[in-house]
> 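Below you'll find the structure I mean.
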Amino acid sequence: MTDVLSIDDLVARIPDGASIALPSDYSGCAMTAVRKLIQRGVRDLHVISMPQGGFQVDMLVGAGAVARIEAAAVTLGEYGIAPRFTAAIKSGEIEMWDSTCPALLASLQAGEKGLPFVPFRGIIGSDLLRVRPDWKVIDNPMAESGVKDPIVLLPATRPDVALFHALKADAHGNVWIGVQRELMTAAHAAKQALVTVERIEDADFLRDPVMAPGTISSLYVNAIAVAKEGAWPVGLDNAYAADHKALQDYTSAAATAEGFARWIANPAQVAAHA
Amino acid sequence: MPDVNAPVSAHEMMILAIASQLKGLRHIAVGARSPIPGSAAHLARLLSGGTLRVSILGSRKHSPFVNGAPELFDCASQGRIDAFFLSGGQIDGNANINLVGVGDIAAYPRAEARFPGSFGSAYLYFVVPRVILFTLEHTRRVLCPKVDFISAPGTSAPGVYRPGGPKALVTPKCLFAFDRDRGRFTLQSTHPGVTVDEVRDATGFEFDIPPSVPETPTPDAATLSLLRTDVAKLIAETYPAFSRRTWGVG
């Protein structure tokens, strides 16, 4: 059964050193939960971005919570470079596993299927192969005889945790994610899926033919917590827009470690969204 | 209302040069952080008379994708995306692009300058038939002799599966065409007011210069008006800051 917890109890299920799949900024980020994790002083996370990291990854890095990032990119999009991430790369304090979007997603899909690896096109000739010793190139064993067809193999990914935010869950623990189906893949592949939602409705989404195709069954959802405005400040599709001022403030403040520390601890802006 | 009599800006010339590469296609996709290619794709769509479909990442009104983040890439795998756009913090004369960082790769992941990352380039560059490269900065720093990190290679060895690849490179100064067999750029046209010498001085890699280099065609009044009104409104949905800055719309 899906447990309904407080946000504190939800994030208590994420141990130091966990590998944690986190969505891109546009896809439902559990920002309140991430701030709770930072307050708790979580350490040594292995972040797996699906497929790119944004504000929450920069915040976790700034808080010293991250040992390793696997991502196709880490960026604050229109707001510019991710300042704490960039500083951590320069100082060499985090390990980086650069990837490319579809490869990262394919590895999660392989994890979902219980496969050890997945073959993937492209990539050959990219320096990603030099910095990713876990990726291998073989000759396609299905090619016509006598034809050499090199192809990359990617290992499957099974994160310890998938953490994200969605608009709503129902009374049975089913979570509606709409078209952001990479969240479903992540929930399937992860050993536990922890989800914050704006609200829990007295309904059964799986019995509703309009809702069901965009719903993650509670079969895959270990725990949910209600977090109102839980995606602030990056915003949530179908619910509320990004808080441009807060994101701009963050981007300027996080240019320095001190500015970042002030922003993340600022009781006025953060407490309003706790 | 935008002023249709104002001179054509460098960004507008880039949009027009990119749009000129998109004629006769069925489906164009536009990736992250690409307001100029996005504007070009919208312009090409409006000029196509309804034959061209445009999918813009980050748009709600102009995205057909309902199967999560992998669908764009699956769609490209199936050959359903005719053109895509890539940039690079460094681009070299073999059309290799670097989206990872500047500095010796031996020091990876440390870098003198870190870029966001490769995004989908290491895949889409291989499978989309017509990839248009673009950069907002035409300098020797960006257009360099050899990239420090190959996010995605411009060409591949024989036998490597590669139905796609680079077709052109558009900058604020000019349009280069890329010859995949020779792995080399040729200067195709210079934007109004830019000389061939100026392009050569600002470019860190070698490229071919034909005996006569034409000027990139400027738009007629109707096209310019379409760009500054309809396209400005359409792109403002995804890139409001860009549309405001460029045309005062959004």
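Lettering of chains follows the sequences in order, A, B, ..., and the numbering in each one begins at 1. Just so it is clear, the values below take in all heavy atoms, side chains as well, and ignore hydrogens, waters and symmetry mates. Here the structure is a predicted model, which means the values were calculated and not measured.
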> Could you check if a side-chain atom of A:Pro150 sits within less than 4.5 angstrom of a side-chain atom of B:Val160, using non-hydrogen atoms only?
yes

> What part of B:Arg60 gets closer than 4.5 Å to chain A, counting heavy atoms only: side chain, backbone, both or neither?
side chain

> Of the backbone (N, CA, C, O) and the side chain (C-beta and beyond), which part of B:Glu71 lies under 4.5 Å from a heavy atom of chain A, both, or neither?
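No part of it gets close to chain A.
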
> Hey, is the main chain of B:Ala122 close enough, under 3.5 Å, to the side chain of A:Ser126 for a donor-acceptor pair?
no

> So which residue, A:Leu183, A:Leu104, A:Ile123, A:Asn140, ends up with the most heavy-atom pairs under 4.5 Å with chain B?
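If we count pairs closer than 4.5 Å to chain B, A:Ile123 comes out on top.
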
> Which answer fits A:Ser27, side chain, backbone, both or neither, if we ask what part of it has an atom under 4.5 Å from a heavy atom of chain B?
neither

> B:Tyr108 side chain to A:Met96 main-chain N or O, any donor-acceptor pair under 3.5 Å?
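Present.
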
> Which answer fits B:Ser118, side chain, backbone, both or neither, if we ask what part of it has an atom under 4.5 Å from a heavy atom of chain A?
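For B:Ser118, heavy atoms of backbone and side chain both lie under 4.5 Å from chain A.
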
> Is the shortest side-chain heavy-atom distance between A:Gln109 and B:Pro70 below 4.5 Å?
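A side-chain contact exists here, since the closest heavy-atom pair is under 4.5 Å.
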
> Is it the backbone or the side chain of A:Ile94 that comes under 4.5 Å from a heavy atom of chain B, or both, or neither?
backbone

> Is there a donor-acceptor contact under 3.5 Å from the side chain of A:Glu182 to the main chain of B:Gly68?
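No, A:Glu182 side chain to B:Gly68 backbone: no donor-acceptor pair under 3.5 Å.
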
> Kindly check if the number of other-residue, nucleotide or ligand heavy atoms within 6.0 Å of CD (B:Gln78) is above 12?
yes

> Can a donor-acceptor pair be found, under 3.5 Å and without considering hydrogens, that links the side chain of A:Lys90 to the backbone of B:Glu112?
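Confirmed, A:Lys90 side chain pairs with B:Glu112 backbone.
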
> Should we count CD of A:Glu95 as having more than 12 external heavy atoms under 6.0 Å?
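Above 12, so yes.
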
> Of all heavy-atom pairs between A:Pro102 and B:Tyr123, which one has the smallest distance, and what is that distance?
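Nearest pair, atom of A:Pro102 first, then B:Tyr123: CG-CB, 3.4 Å.
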
> Please classify the contact of A:Ile81 with chain B as side chain, backbone, both or neither, using a heavy-atom distance under 4.5 Å.
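Neither part.
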
> Can you check whether A:Ser91's main-chain N or O pairs, donor with acceptor, with B:Arg110's side chain at less than 3.5 Å?
yes

> Please state whether the side chain, the backbone, both or neither of B:Phe119 comes within less than 4.5 Å of a heavy atom of chain A.
both

> Nearest 0.5 Å please: distance from the CD1 atom of A:Ile89 over to the CZ atom of B:Arg114.
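Between atom CD1 of A:Ile89 and atom CZ of B:Arg114 there are 5.0 Å.
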
> In this structure, are over 12 heavy atoms from other groups packed under 6.0 Å from B:Arg80 atom CZ?
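Check fails, neighbour count at 12 or below.
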
> Is A:Asp237 close to chain B through its backbone or its side chain, or both, or neither, when contacts mean heavy atoms under 4.5 Å?
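When you check distances to chain B, only side chain atoms of A:Asp237 fall under 4.5 Å.
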
> Could you tell me which non-hydrogen atom of B:Phe149 sits nearest to which non-hydrogen atom of A:Val131, and how far apart they are?
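That closest heavy-atom pairing would be CE1-CG1, 3.9 Å.
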
> Counting heavy-atom pairs under 4.5 Å with chain A, which one of B:Gly164, B:Ser151, B:Ala152 comes out on top?
B:Ser151

> Is B:Arg140 atom CZ crowded by more than 12 heavy atoms from other residues, nucleotides or ligands, each under 6.0 Å away?
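Buried by this count: over 12 neighbours within 6.0 Å.
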
> Say you draw a straight line from CZ of B:Phe126 to CZ of A:Phe120; how long is it, rounded to the nearest 0.5 Å?
11.5 Å

> Between atom CG of A:Asp127 and atom CG of B:Asn98, what is the distance when rounded to the nearest 0.5 Å?
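Answer rounded to 0.5 Å: 8.5 Å.
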
> For the residue pair A:Ile124 and B:Tyr161, establish whether any side-chain heavy-atom pair is separated by less than 4.5 Å.
no

> Look up atom CG in B:Leu72 and atom SG in A:Cys101, then write down how far apart they are to the nearest 0.5 Å.
8.5 Å

> Flag the one option from A:Ala88, A:Ala82, A:Ala73, A:Ala71 with the top tally of heavy-atom pairs under 4.5 Å to chain B.
A:Ala73

> Is it the backbone or the side chain of B:Val66 that comes under 4.5 Å from a heavy atom of chain A, or both, or neither?
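For B:Val66, backbone and side chain are both near chain A.
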
> Output the option from A:Thr185, A:Val152, A:Leu128 having the highest count of non-hydrogen pairs under 4.5 Å with chain B.
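Winner by heavy-atom pair count: A:Leu128.
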
> Do other residues, nucleotides or ligands put more than 12 heavy atoms under 6.0 Å from B:Arg53 CZ?
no

> In terms of heavy-atom proximity below 4.5 Å to chain A, should B:Tyr239 be classed as side chain, backbone, both, or neither?
side chain

